[in-house]
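Quick notes on the structure that follows.
A, B, ... follow the sequence lines: proteins, then strands. Residue 1 opens every chain.
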Number of protein chains: 2
Amino acid sequence: MSKCEQCIVREFSSLKALNKEELLKMANCKTSYTIKKGESIFEEGESVNGIYCIKDGVCKLSKLSANGKDQIVKLVKPGELLGQRSMISDEPTNLSAVALEDMEVCFIPKSEVLGFFNNNNQFSMNVMKTICGDLKESDDHMVSMAQKTVKERLAETLLYLEDTFGKNEDGSLHIQLSREELAGMIGTATESCIRLLSEFNKNGLIDINGKRISIIEKNKLKRMAE
Amino acid sequence: MSKCEQCIVREFSSLKALNKEELLKMANCKTSYTIKKGESIFEEGESVNGIYCIKDGVCKLSKLSANGKDQIVKLVKPGELLGQRSMISDEPTNLSAVALEDMEVCFIPKSEVLGFFNNNNQFSMNVMKTICGDLKESDDHMVSMAQKTVKERLAETLLYLEDTFGKNEDGSLHIQLSREELAGMIGTATESCIRLLSEFNKNGLIDINGKRISIIEKNKLKRMAE
DNA sequence: ATTAAAGTATGACAAATATCATATTTTAAT
DNA sequence: ATTAAAATATGATATTTGTCATACTTTAAT
């Protein structure tokens, strides 16, 4: 069992407020998992009895809509925590978490987290701030969905992907989504997404090389996204 | 200055975790406001240095989108708290709060609330749970915006308004929104909203009498909203 | 009471987007 | 290496939704 004390990603999450003693306690009760690309960490409707700390890999949080399409609500990356909302509300999750890459995650049981809440105010405040940040993001995202065109949302999403997950040596987006997943992020039909990508490509805004997408005209995309 | 101890709405919010002593302290530092219909409590971009407890009246939380339309993110009713997100994140609000009816609200300064956070764990947990509930609502709302048609969203919204704010003796929705505001809730153009209301009316799903809207075929609307 | 302004309503049309069909390319399995 | 399945691409078309114009109605101010 690896020590949480030495885990770097901890520094990027609410867990950075924990002291040595708490970290030791946590290391003793955590469970580590390896999750292969495409596998799920939890599914919509399941109860999550703790939180997952993401050590490596990116996953998508999505919700199946009535028309059978999977809407991606958020991407979660190393250092972030997963399942806080559901654990705190004491409700089944409203979202599924599926790995977009091979992942390493640690599960920390609810009882442990609640103990930290009670004894470590800074930790509580950190979690609260994170959730408040998620709420702001979600509200803003909602307004985008309601008010922006698909083209604007695609531009916005491509920029977000580059800013958040970086790019490879060849300049292409590091995170690779299928067209269907990209469509699921911007909330449109897969065909519409593909069509607009082709258009962006034709207009020299991006370069497409199979699954590899590179942003060429960042400023034009920014203007387009408003 | 009225006593918080005797304020009924407190029972419906996170504030119910406060003890007598805390309530007395709060009563001493709170400020009461009367806000007329149409006036704002705070505007997008302002810093909110505390939370507002709504004693009476309903307000809308909205965000101005790039195309100049006001997207309504949430309606807030008596008993609920306002401004928590912004206060906790220590960021300017991303939303404006405007009264839909004459309102009575109390402002509780940040220093006071932070004190409660430090000394009253149940209060912290209550606030956390509320924000988690808001987050779930917002995510679900986002998926609706992305995946449902305007017609489905209108049906959904009408049902929500009846369920949440009730109806008058004549059966019409108690909360009265302008067509523009209703359009702002469902994320569509005012004309589209009016057109669909007319259609619903023609098909006997609802009854329109000027500003008064009554739901006639609740089940059909439910099926339509999916 | 009269008038102006705001809100509501509807038609005509344009633009955005979804759907269906089908072709091509890539990926994975045998 | 061959084949089947999945993913990507694109055209044709239908549907949804937005925009602009205009008329009507209600509300509020003088």
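Taking the six-membered ring for Trp and thresholds of 30 and 60 degrees, A:Y33 and A:Y52 have ring planes inclined between 30 and 60 degrees apart.
Checking B:N94, B:I41, B:I72, B:L82 one by one against B:L61, the side chain to side chain contact (heavy atoms under 4.5 Å, CB included) holds for a single residue, B:L82. In summary, of the residues considered (B:E156, B:E152, B:K148, B:R153), a side chain to side chain contact (heavy atoms under 4.5 Å, CB included) with B:I186 occurs for B:R153 alone.
For B:K211, no side-chain nitrogen or oxygen approaches OP1 or OP2 of D:dT26 to under 4.0 Å.
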Derivation of the salt bridge (Lys or Arg N to Asp or Glu O under 4.0 Å) call for A:D139 and B:R85 | CA-CA 11 Å; A:D139 280 345; B:R85 213 268 319 140; 6.0 Å; no
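Using five terminal pairs a side, the axes of the helix from C:dA1-D:dT30 to C:dT30-D:dA1 at its two ends make an angle of 50°, given in steps of 10 degrees.
Summarising the geometry, atom NZ belonging to B:K63 is positioned 4.0 Å from atom CG belonging to A:D140; distances are rounded to the nearest 0.5 Å.
Shown for residues 138-162 of chain A: residues whose heavy atoms fall under 4.0 angstrom of DNA chain C, namely A:T149, A:V150. For the segment residues 195-204 of chain A, residues with any heavy atom less than 4.0 angstrom from an atom of DNA chain C are, sorted by number, A:R195. Taken residue by residue, residues 178-192 of chain B places heavy atoms nearer than 4.0 Å to DNA chain D at B:T188, B:A189, B:E191, B:S192.
For the pair A:K136 and B:S89, the minimum side-chain heavy-atom distance is 4.5 Å or more.
With sequence neighbours excluded, no residue forms a side chain to side chain donor-acceptor pair (under 3.5 Å) with B:E226.
On the nucleic acid side, DNA chain C has its first and last nucleotide under 4.0 Å of a heavy atom of chain A at C:dT17 to C:dC20, going 5' to 3'.
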